[in-house]
Trainee: 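Provided herewith is a single structure, encoded as structure tokens, for subsequent inquiry.
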Amino acid sequence: MAFFKAKENTADGVDFQRLPRHIAIIMDGNGRWAKRRGLPRTAGHAAGAETFRTIATYCRDIGLDYLTVYAFSTENWKRPAQEVSAIMGLLKKYLLEAVAKMERDRVKMEFFGDLSPLSPELRELCQRTREISRRYEGCQVNICLNYGGRDELTRAARAYARDCVEGRADPEHLTDSQFGGYLFSKGVPDPDLIIRPSGELRLSNFLLWQSAYAEFYFTDVLWPDFSKQELHRAIAAYQSRSRRFGGV
Ligand code: IPE
Ligand code: IPE
Ligand code: MG
């Protein structure tokens, strides 16, 4: 928001005039947060959903162009059915609220991932959210739902091969930017900064293609405890780095 930028140019060492264009977050640690409090894992997911609301709104307020969050991976189906359905229930609740206030909030939403195994109701809600979002300008939030980096790449390879077989593409002339057009992230610039809370030091199949030159920020804080100050720390760390992209 221009107002925010004019009023407060720095906080916690962050220069709001030099924000990354795109931040991606692996929202991890909900289960451990709940366990530490003697609560069921699903309570951790509910707390994590609140954190997502706060952080997404804040990203819009500071004028970030793109926020991508990992909400449910292609591997997360291995979890107990009751946990999976609690996560889907929280998503539905969030999207119903988001759709209702999208115009006021100026947040656009997209989904990365194969939505076909979701319930028809959730799928329809994602579709509706997408369509409404297309009418707005503003911060774009990409929710990775049933998303896996390898799944995204094999799907892209399949679609590209189909285009070759059917004469729409010529394999001799494929460039990396053309291939990027077959990914869920089509049209979205690569993330500049990838944040993973919860102390795990891995990607867990997140944005394998898009992370080629991302800066990484890891913290032990669990996602439900992730705050604006923690986001500031991540952005300040990002701003202190020298990105060379292979140059000097
Ligand atoms: C992340 O929190 C949420 C999802 C993967 C859906 P976890 O549920 O993985 O939390 P931990 O890692 O068990 O603490
Ligand atoms: C990654 O977290 C997926 C999401 C946050 C949605 P996981 O908890 O599933 O990752 P692993 O199992 O620790 O690698
Ligand atoms: Mg986890």
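Start at 1 with the first residue, then count along the sequence. Atoms within each ligand, like the ligands themselves, are counted from 1 in listed order.
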Trainee: Please determine if R150 and E75 form a salt bridge, counting it only when a charged side-chain N lies under 4.0 Å from a carboxylate O.
Mentor: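 No, R150 and E75 are not salt-bridged.
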Trainee: So, does S198 sit close enough to ligand 1 that a heavy atom of it is under 4.0 Å from the ligand?
Mentor: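 Checking ligand 1 against S198, which is what was asked, there is no heavy-atom contact under 4.0 Å.
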Trainee: Which of the numbered atoms in ligand 1 are below 4.0 angstrom from a heavy atom of A71?
Mentor: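 Every atom of ligand 1 under 4.0 Å from some heavy atom of A71: 6 (C).
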Trainee: Are any side-chain N or O atoms of W33 and backbone N or O atoms of P224, one a donor and one an acceptor, separated by less than 3.5 Å?
Mentor: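 Side chain of W33 to backbone of P224, a donor-acceptor pair under 3.5 Å: no, none is there.
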Trainee: Using the ring of each side chain (for Trp, its six-membered ring), is H22 parallel, tilted or perpendicular to Y66, with breaks at 30° and 60°?
Mentor: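 If you compare the ring of H22 with that of Y66, the planes turn out tilted.
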Trainee: Please say whether the positively charged group of R79, taken as NZ for Lys or CZ for Arg, lies over the ring of W77, i.e. under 6.0 angstrom from the six-membered ring centre and within 45 degrees of the axis.
Mentor: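 The answer is no, since R79 fails at least one limit relative to W77.
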Trainee: Could you identify the single nearest non-hydrogen protein atom to atom 9 (O) of ligand 2 and state the distance to 0.1 Å?
Mentor: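 Ranked first by proximity to atom 9 (O) of ligand 2 is N76 ND2, 2.9 Å.
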Trainee: Give a yes or no answer on whether the side chain of D114 reaches the backbone of S116 with a donor-acceptor pair at less than 3.5 Å.
Mentor: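 Yes; at least one donor-acceptor contact below 3.5 Å.
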Trainee: Would you please determine whether H45 falls within less than 4.0 Å of ligand 1 on a heavy-atom basis?
Mentor: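 Yes, H45 has heavy atoms under 4.0 Å from ligand 1.
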Trainee: Output yes when R106 and E137 qualify as a salt bridge under the 4.0 Å nitrogen-oxygen rule, no when they do not.
Mentor: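 The answer is no: the pair does not qualify as a salt bridge.
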Trainee: What is the number of protein N/O/S atoms located under 2.8 Å from the Mg ion (ligand 3)?
Mentor: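 Those protein atoms number 1 in total.
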Trainee: Answer side chain, backbone, both or neither: which part of R79 comes under 4.0 Å from ligand 2, heavy atoms only.
Mentor: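 It is the side chain that gets close, since no backbone atom is under 4.0 Å.
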Trainee: To the nearest 0.5 angstrom, please state how far the CD1 atom of I195 sits from the CG atom of L67.
Mentor: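 Going from CD1 on I195 over to CG on L67, the span is 8.5 Å.
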Trainee: Between R41, E200, E83, which one has a non-hydrogen atom sitting closest to atom 13 (O) of ligand 1?
Mentor: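 Considering heavy atoms of R41, E200, E83, the nearest to atom 13 (O) of ligand 1 sits in R41.
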Trainee: Which ligand 1 atoms, with their elements, are less than 4.0 angstrom from a heavy-atom of I87?
Mentor: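 Counting atoms of ligand 1 from 1, those under 4.0 Å from I87 are 6 (C).
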Trainee: Answer yes when R155 and E152 have at least one side-chain N-carboxylate O distance shorter than 4.0 Å, and no when they do not.
Mentor: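 No salt bridge links R155 with E152.
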Trainee: Taking the non-hydrogen atoms of R196, is any one of them nearer than 4.0 angstrom to ligand 2?
Mentor: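 R196 counts as a contact of ligand 2 under the 4.0 Å cut-off.
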Trainee: Do NZ/NE/NH1/NH2 and the carboxylate oxygens of R134 and E110 come within less than 4.0 Å?
Mentor: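 Yes, R134 and E110 are salt-bridged.
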Trainee: Tell me, which protein residue and heavy-atom name are nearest atom 10 (O) of ligand 1, and how many Å apart are they?
Mentor: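 Answer for atom 10 (O) of ligand 1: G31 N, 2.9 Å.
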Trainee: Should you measure from each heavy atom of F72, which atoms of ligand 2 turn up under 4.0 Å away?
Mentor: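 Close to F72: 6 (C).
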Trainee: Under a 4.0 Å N-O cut-off, is there an ion pair linking R128 with E124?
Mentor: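 Yes, this pair counts.
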Trainee: When you look for heavy atoms under 4.0 Å from ligand 2, do you find them on the side chain of K78, its backbone, both, or neither?
Mentor: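 No part of K78 is near ligand 2 at this cut-off.
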Trainee: Tell me: protein heavy atom nearest atom 1 (C) of ligand 1, and distance?
Mentor: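 Atom 1 (C) of ligand 1 sits closest to the protein heavy atom M27 O, 3.0 Å.
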Trainee: In terms of side-chain geometry, is the basic nitrogen of D192 or R21 positioned less than 4.0 Å from the acidic oxygen of its partner?
Mentor: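 Here D192 does not pair with R21 in a salt bridge, since their nearest N and O are not under 4.0 Å apart.
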Trainee: So, is W33 polar-close to ligand 1, with some N/O to N/O distance under 3.5 Å?
Mentor: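 No.
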Trainee: Salt-bridged, R233 to D12, with N to O below 4.0 Å?
Mentor: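 D12 and R233: not salt-bridged.
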Trainee: Please check if the side chain of K108 supplies one atom and the backbone of Y136 the other of a donor-acceptor pair under 3.5 Å.
Mentor: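 Checked: pair present.
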Trainee: So is there a nitrogen or oxygen of R32 less than 3.5 Å from a nitrogen or oxygen in ligand 1?
Mentor: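 Yes; at least one N/O pair falls below 3.5 Å.
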Trainee: What residue and heavy atom of the protein are closest to atom 12 (O) of ligand 2, and at what distance?
Mentor: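 Residue, atom and distance for the closest contact: R202 NH2, 4.6 Å.
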Trainee: Ring-plane angle category for Y70 and Y147, please: parallel below 30°, perpendicular beyond 60°, tilted otherwise.
Mentor: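 Ring orientation, 0 to 90° scale: perpendicular.
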Trainee: Using a 4.0 Å cutoff against the non-hydrogen atoms of D28, which atoms of ligand 2 qualify?
Mentor: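 What qualifies from ligand 2 is 2 (O), 8 (O).
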Trainee: Looking only at protein heavy atoms, which one is nearest to atom 14 (O) of ligand 2, and what is the separation?
Mentor: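 Nearest neighbour among protein heavy atoms for atom 14 (O) of ligand 2, to 0.1 Å: S204 OG, 2.6 Å.
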